[in-house]
Amino acid sequence: MNQMRHDFWGLISAHKIIIPSIQRDYAQGRETSAATAIRTKFLEEILNSMRENKPLYLDFVYGKLKGLFEQEVLLSNRKNLENILASIKGYAKNIAVEFNYDLGSKEQIKAQSRDFIPLDGQQRLTTLFVVHWYVLFRLGDAGNLAKLSGFSYQTRSSSADFMKEICDLDFTAIKQDFEVLSTELINQKNFFKSWMRDPTVKGILVVLDLIHSRLKDADTAEFEKYWQNLTVGKCIEFDFLNLEKLELSDELYVRMNARGKQLSDFENFKAWLFKELKNRSVAVQVKDWKIKFDVAWTDLFWNAKAPHVFELDDVYLQYFKLNYMADYVKSLSVSDGKFVAAQGNKLAPQEDIGKYLDDLRSSKPYFDTEASFSNVLFFENIERYLLVLEYISSDPNFLQDLVWIGGDPMLNFWNKFVNCSVNDLLFGSRSTELNWWQSSLYYGILGYVSLVNMPLSDYDAEAKIEFQRYCRVLMNLVFNIRIESGNVYKQVAEGIDQLLDAYGKQQPRLIYELLADGSTGSFGFTAIQVKEERLKASLILQDPLWERQLVLAENNIYFYGQVEFIIALANSELTCFTEYASRLNILFSEIVLVNPEHLLQRALLTKGDYLVDKGLNWSFCLNAHGTVRERNENWRLVFAQQERVGLLEQLITDELFNTQDIISSLNAIIRKNAGSVDDYLKKFIEIPRLMDYCGVRQIRLSDENPGANVYLLKSTTIRGYYPELHTMAIYEVYRLRFLKAYQLSEEGENFEQWKFDEFFKSYFQYRYAKGLNDESALLVHGLKQYIISYPLSRREFVISCDGLELMVTENEQEVYRFIDPEIRPVSIPFPATDALLS
């Protein structure tokens with residue numbers, strides 16, 4: 001490889017520098033917080049080097065000298081080519097044809113200028129271009145400034161035009177007392193306003209303003225010294241690696257840049273870490289840790305990546321960020337629900353702590369390692385971070401068995417909580433997008449490895465099972481508390497520390513014994529879940545067969561590790577628990593929960609009124625189960641009340657309940673028992689669509705007439721539009737009748753929903769109420785226009801027309817008998833009118 005040490009002025013003097021179109025715009029001038037931090041730090045290093053003539057090495061710049069390969073071929077074959085051309089010239093002379101040639105001397109061929117095409121390092125080169133331009137601008141050196149016009153971008157024509165323009169600047173047009181350099185350049189007559197849409201132009205102007213803010217007070221003598229330091233002293237250098245001889249296509253280097261091989265945050269972190277550990281005299285106890293950093297520990301991340309992924313830097317750095325995040329959060333105080341940094345903690349301004357935690361959890365680019373980790377807290381814990389890598393790397397395959405107890409796939413307690421492997425969570429791409437629950441799990445798993453303090457390869461079979469049991473308990477605790485902010489994450493992280501501290505003091509370390517003992521507190525988790533884990537641990541210690549059945553029950557997508565209500569229902573009897581858990585698992589399976597006919601709610605209503613109190617409202621319970629909040633605010637409210645759990649028991653022990661065909665059996669139970677319900681809930685059982693009008697499955701009962709006036713709420717309030725139960729039930733009965741008849745008619749042969757909706761609207765419409773004092777009504781377009789309402793404070797229907805009450809009745813069937821003759825003159829047949837459902 002042709003590797004040469006260069007400075008910018010030497011390179012631009014020998015070659016034009018052309019940034020190719022495959023490269024991105026100038027990024028160091030972006031006005032994001034991350035780019036600002038990088039720009040400021042990088043420019044300070046450059047300016048300090050330039051002012052003090054202090055050597056600054058900028059690593060490698062990769063690229064190709066366009067035409068160099070052809071030049072070297074010409075030089076190596078020049079003698080042969082001359083002989084061939086001389087022979088042709090002799091032959092031409094014999095036939096009286098003039099033939100001349102001039103290959104040029106070796107010196108002339110070598111002196112031919114070649115364009116330098118950077119394939120990596122263009123950001124650094126552009127910043128150096130801007131620094132050199134500013135120094136020459138302040139010196140008024142138009143001659144050397146013109147040389148800089150050899151630096152150009154092919155990414156956009158506006159970038160090239162702008163650079164050419166500022167290198168051919170009319171110094172007489174520049175004010176002598178300007179404050180903002182970019183404003184002065186923009187105001188020049190040859191500056192096109194459209195250039196401001198070019199990210200490279202905008203970026204260069206931002207960097208120029210920053211340089212000017214640092215050097216505006218320097219005099220000419222100082223700038224002459226700066227120029228000498230840059231060009232003669234060569235204070236800033238880099239290694240130029242010419243890749244042309246490798247005969248590789250640009251595509252490889254495009255991919256290399258895309259993978260972040262150069263200027264990687266992780267590589268910066270690694271170099272900084274090694275230097276800081278040395279400067280701080282930190283004696284890392286892991287043998288050959290520097291070699292393992294690049295080999296054995298790297299394999300952890302390599303083995304966890306997806307097949308199509310080839311970049312490891314983000315996930316490797318993320319390991320240190322997530323470990324440090326927990327330690328950092330625990331160092332904070334909380335005041336009025338907000339984080340407060342400890343005195344002298346420069347990790348993040350107080351008002352930015354939340355954003356800083358988001359940066360630690362994610363893999364956003366331009367992470368400022370030095371600003372984040374240059375503190376006592378990080379270096380107090382760095383050896384623990386490295387030791388955990390050492391312990392896990394001793395047996396990387398260990399983690400894949402962590403998800404089930406004793407190697408039994410049926411006892412997989414992991415998948416219900418996390419839809420990725422343990423390796424992916426800890427070392428793969430998932431680690432760059434963890435939510436607070438997963439971040440807590442991450443901390444708890446690595447905390448256990450640190451506590452046990454030995455390589456995974458030394459765990460025997462019992463130790464492995466104990467680790468699995470700890471993880472099961474940990475996940476039940478973590479995923480059943482609402483961790484929706486950094487504040488709660490701090491509480492959970494401290495709770496995990498308390499759990500591990502108590503666990504570590506126990507000999508031998510057995511998680512079930514620790515929980516069953518009951519002498520410790522709730523460890524910062526929800527008291528109800530800790531109480532349940534203690535109960536389950538006690539049952540398992542009494543009879544190990546409980547463990548299998550508990551794990552199987554916990555794995556239900558809705559129960560999510562919380563099954564104490566089933567234990568209570570079974571009176572802590574294992575055989576009964578096994579049967580009930582099996583039946584409830586099917587009842588709360590996905591096929592039932594997503595059923596559009598609301599079979600779970602309607603079947604349970606046939607056993608009694610299970611609705612849960614929501615303050616002003618009553619809830620049928622949403623089947624949503626994606627978050628702790630959704631589970632806690634819906635069916636878990638039923639599970640927590642003995643009377644309502646008793647209704648569940650009646651349902652699963654119904655003679656028609658069949659786990660092998662759950663949908664058919666629930667429908668059979670509804671058909672069999674709906675008639676025995678004699679209050680307003682019967683309508684919800686018989687007409688499934690009524691629940692669809694309850695957007696969050698909540699209703700409100702009138703204080704004046706509870707059970708008579710029932711409002712179907714789209715949200716949790718009645719500020720929006722909402723229907724009334726009794727009139728909407730009539731509307732839905734007729735909609736169903738019309739739909740069946742329409743589908744049997746000629747019109748229904750090519751059924752389209754919108755056509756039916758328009759047809760039905762010509763006979764029935766519904767006027768929704770809005771607010772407390774409004775009244776909803778059913779509008780019937782028959783022989784006349786009728787309004788059917790169920791007024792507040794009255795247990796009766798009112799049918800009116802043209803402002804006159806035509807009928808008042810408590811009997812719903814009388815309403816049907818009134819409506820039917822009014823709408824019979826239509827072109828489709830109707831089913832019988834004396835039943836709500838056909």
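Position 1 is the first residue of the sequence, and the numbers go up from there.
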- Between F417 and Y560, is the ring centre distance below 6.0 Å? yes

Check your understanding: How about F764 and Y766: are their ring centres within less than 6.0 Å of each other?
Key -> no

Answer yes or no: are there more than 12 heavy-atom neighbours, outside [X] itself, under 6.0 Å from its atom [atom1]?
{"X": "N773", "atom1": "CG", "result": "no"}
{"X": "K531", "atom1": "NZ", "result": "no"}
{"X": "Q753", "atom1": "CD", "result": "yes"}

Under 3.5 Å, is there a donor-acceptor pair between the H598 and D692 side chains? yes

Show the nearest heavy-atom pair for residues [X] and [Y], with the distance to one decimal.
{"X": "E564", "Y": "I528", "answer": "OE1-O, 4.4 Å"}
{"X": "Y558", "Y": "N634", "answer": "OH-CB, 3.4 Å"}
{"X": "I788", "Y": "V815", "answer": "CD1-CG1, 4.0 Å"}
{"X": "S715", "Y": "L713", "answer": "O-CB, 3.0 Å"}
{"X": "L690", "Y": "L712", "answer": "O-CD1, 3.9 Å"}
{"X": "L477", "Y": "V530", "answer": "CD2-CG2, 3.8 Å"}

Compare all side-chain heavy atoms of [X] with those of [Y] and state whether any distance is below 4.5 angstrom.
{"X": "R737", "Y": "D820", "value": "yes"}
{"X": "N476", "Y": "E532", "value": "no"}
{"X": "L574", "Y": "Q549", "value": "yes"}
{"X": "I557", "Y": "L593", "value": "yes"}
{"X": "I787", "Y": "L778", "value": "no"}
{"X": "I540", "Y": "L550", "value": "yes"}

May I have the list of side-chain donor-acceptor pairs in residues 606-614 shorter than 3.5 Å, sequence neighbours left out?
from: T606; atom 1: OG1; to: A603; atom 2: O; distance (Å): 2.5
from: K607; atom 1: NZ; to: D654; atom 2: OD2; distance (Å): 2.5
from: D609; atom 1: OD1; to: L611; atom 2: N; distance (Å): 3.1
from: Y610; atom 1: OH; to: F620; atom 2: O; distance (Å): 2.6
from: D613; atom 1: OD1; to: G615; atom 2: N; distance (Å): 2.9
from: K614; atom 1: NZ; to: E633; atom 2: O; distance (Å): 2.6

Residues which pass salt bridge (charged side-chain N to carboxylate O under 4.0 Å, His left out) with [X], listed by chain and number, not counting sequence neighbours:
{"X": "D424", "answer": "none"}
{"X": "E732", "answer": "R689, R735"}
{"X": "E724", "answer": "none"}

Residue pairs passing the salt bridge (Lys or Arg N to Asp or Glu O under 4.0 Å) test with at least one member in residues 576-593, sequence neighbours excluded, are E579-R583

The complete set of ring-ring contact (aromatic ring centres under 6.0 Å, His included) pairs with one or both residues in residues 638-660, sequence neighbours excluded, reads F559-F639, F565-F639, F588-F639

Only residue of Y763, Y816, F760 satisfying ring pair (Phe, Tyr, Trp, His ring centres under 6.0 Å) with Y734 is Y816

Tell me whether K416 forms a cation-pi arrangement with F479, defined as NZ or CZ under 6.0 Å from the six-membered ring centre and within 45 degrees of its axis.
no

Could you check whether R644 makes a cation-pi contact with W635, meaning its NZ or CZ is under 6.0 Å from the centre of the six-membered ring and within 45° of the ring axis?
no

- [ ] Apply side chain to side chain donor-acceptor pair (under 3.5 Å) to Q765 and H781, showing your working.
- [x] CA-CA 8 Å; Q765 288 182 283; H781 309 300; 2.8 Å; yes

**Stepwise side chain to side chain contact (heavy atoms under 4.5 Å, CB included) test for I730 and I819** = CA-CA 10 Å; I730 295 173; I819 295 175; 4.1 Å; yes

Next on the checklist: Would R472 and E554 count as a salt bridge (charged side-chain N to carboxylate O under 4.0 Å, His left out) here? Give the steps.
Outcome noted: CA-CA 10 Å; R472 170 189 157 259; E554 290 170 351; 2.7 Å; yes

Requested in this report: Decide salt bridge (charged side-chain N to carboxylate O under 4.0 Å, His left out) for K672 and E655; before the verdict, give the C-alpha distance in whole Å, the side-chain angles of both, and the deciding distance to 0.1 Å.
Outcome: CA-CA 11 Å; K672 170 190 170 186; E655 62 180 1; 3.3 Å; yes

Given the rule in the side chain to side chain donor-acceptor pair (under 3.5 Å) test, do R602 and N595 qualify, once you have shown the distances and angles that lead to the verdict?
CA-CA 11 Å; R602 292 165 58 221; N595 184 275; 5.9 Å; no

- Task: Give the C-alpha distance, both sets of side-chain angles, the deciding distance and a yes or no for side chain to side chain contact (heavy atoms under 4.5 Å, CB included) between C621 and L637.
- Result: CA-CA 9 Å; C621 296; L637 294 175; 5.6 Å; no

